[in-house]
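Have a look at the structure below before the remarks.
Owing to the predicted nature of the structure, the values given are computational and were not obtained by experimental measurement. Order of listing sets the numbers, starting from 1, for every ligand and every atom in it.
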Amino acid sequence: MFQQSDGHDGRVIIVSNRLPVVVRGDGDNLALLPAAGGLATGLRPLHETGDSIWIGWAGDLPTMPRATRKRVVRELQDRRIQPVELTRSQSHGYYNGVCNGVLWPLFHYQIDRIPLTVPEWEVYRSVNERFADAVVREYRDGDAIWIHDYHLLLVPGLVRDRLPDARIGFFLHIPFPACEIFRVAPWRREILAGMLGATVVGFHTPGYASQFEDAVRALTAFEVEPGRVTANARSVRVGAYPMGVDAAWFTAAAATEAVRMEREQLAGTSQQQLLLGIDRLDYTKGIPRRLLAYEQLLRDNPEIRGRVRLIQVAVPSRDTVPSYQKFRREIDEIVGRINGEHGTVDWTPIRYLHQSVSPTQLVALYGAADVMLVTPLCDGMNLVAKEFIASRADGDGVLLLSEFAGAAAQLPEAVSVNPYAIDEMAAAIKAALTMDVAERRRRMRALRARVAAEDITWWAASFMRDLRAERLDGRAADPAGESAAHRVALADVIADLEIPPVGIEHVKALEVLTDHVRRRVEAAAFQLRLD
Ligand code: F6P
């Protein structure tokens with residue numbers, strides 16, 4: 001896919017903490033299964049069909065018996081995967097300590113969850129160095145390197161030190177917070193310098209891109225203009241690339257017999273309307289407040305008791321991190337209380353599943369839901385919202401979407417909610433449950449068109465196009481003379497308008513200005529939706 005989309009021959013080296021597969025079982029029962037999560041799910045089909053190699057953390061590999069380990073490495077290499085091996089203490093300090101103990105809560109505005117002392121930064125740095133070593137070992141002239149997410153913030157800079165002419169992309173899958181939050185990080189300048197080792201730095205929304213630029217402006221002496229930072233005489237492109245899903249796959253899956261049977265089983269003979277939540281069990285996803293809003297709905301509208309039900313799937317996640325263990329107990333308690341207080345002998349208000357579901361079950365659940373509840377407190381993008389839309393080939397169903405999910409910037413036809421306003425959320429759920437069919441279909445049609453057009457292939461292709469378009473000295477490349485041609489055409493248009501003669505430099509200045517205005521308008525439009 002990578003070559004077909006951008007017409008270049010070099011390989012793509014994908015670098016991420018999580019690999020597209022996880023190793024399950026042992027001995028003869030060993031299997032490589034698809035890994036869960038947005039990044040792995042999104043990039044897997046691109047890797048399977050493209051000339052890429054994937055470098056990532058190999059999990060338990062170092063603790064396996066030698067023969068098993070050899071077999072797994074061989075199988076991974078057959079899939080063009082290069083495992084990075086970490087010791088228990090390295091993975092503990094890096095993944096549990098810094099990535100999910102500090103960076104995750106910080107970038108999601110949950111600074112109270114950061115522990116008082118964080119002794120593991122050295123470990124994070126040394127693990128990033130191991131990833132950089134692996135990249136340098138694999139790299140061949142002409143390759144593009146695409147590094148992902150908050151686990152590897154220092155890798156672009158570390159690779160740049162050793163491969164000064166490489167094309168390096170970096171994409172952040174979580175929000176980049178407002179500068180006032182980001183500056184809390186004790187290693188804030190090292191993080192920015194690391195990210196700015198890239199040729200292109202990408203985010204899900206224009207808002208995150210501007211916040212990154214604000215942080216660079218406030219915390220470094222580098223020159224910043226909209227969409228570009230000049231760092232150590234190298235120009236770095238900064239842009240928004242909203243990640244999509246494999247929409248065609250979800251739409252096709254919805255039409256299969258297996259999904260149809262599963263969906264019918266779910267509906268059963270019940271006339272109850274179905275509310276659905278599907279999340280990783282993470283405190284950023286807003287599950288407790290969503291449950292409280294549902295409880296509020298039942299309290300305010302006693303007539304709907306027994307006529308509605310909520311299925312909440314919480315996929316186990318990061319359960320070796322203490323804050324996640326505590327959070328799990330919190331949810332168990334709320335679910336137990338609501339079911340205990342509001343349930344009857346023949347009706348259970350919430351079916352709570354702390355487990356992952358198969359792809360067939362997932363698409364069937366999306367298809368059976370009357371209202372999909374996606375109400376994170378803060379979320380880089382949220383691909384569940386897009387998967388739901390892509391699965392609704394029937395054109396029906398309502399999406400209730402938090403205004404604090406990156407997806408909200410792209411999906412204005414969803415019913416927008418503030419997940420902190422529990423009363424409002426309860427009222428919005430009621431409005432969604434009672435929305436008339438024409439309105440539901442009108443909204444879903446618009447949502448489906450966008451999710452189909454801006455899918456996972458479009459996302460990767462847009463990022464790679466910009467990465468390939470940059471000159472290796474960091475300035476924008478123009479191999480096909482495209483932008484020069486554009487400028488000449490624009491100059492012609494201006495000439496036709498009978499404006500006094502302008503040179504190419506004026507047109508260039510106009511382009512920069514236009515880009516600046518576009519970004520401001522996009523940010524203002526997003527703010528308007530929030531208001
Ligand atoms: O949102 C960031 C992210 O890395 C996603 O790509 C993925 O869905 C999730 O976090 C998975 O987390 P982990 O790799 O810790 O299971």
Decide, yes or no, whether a salt bridge links [X] with [Y] under the criterion of side-chain N to carboxylate O below 4.0 Å.
X: R69; Y: E85; answer: yes
X: R11; Y: D143; answer: yes
X: R80; Y: E138; answer: no
X: D282; Y: R318; answer: yes
X: K386; Y: E454; answer: no

Results of salt bridge (charged side-chain N to carboxylate O under 4.0 Å, His left out) for R162 - residues two or more places apart only: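 Residues passing salt bridge (charged side-chain N to carboxylate O under 4.0 Å, His left out) with R162: D133.
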
Protein residues having a heavy atom less than 4.0 Å from any atom of ligand 1: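 Those residues closer than 4.0 Å to ligand 1 by some heavy atom are R18, G37, G38, L39, Y95, W104, D149, I174, R280, R318.
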
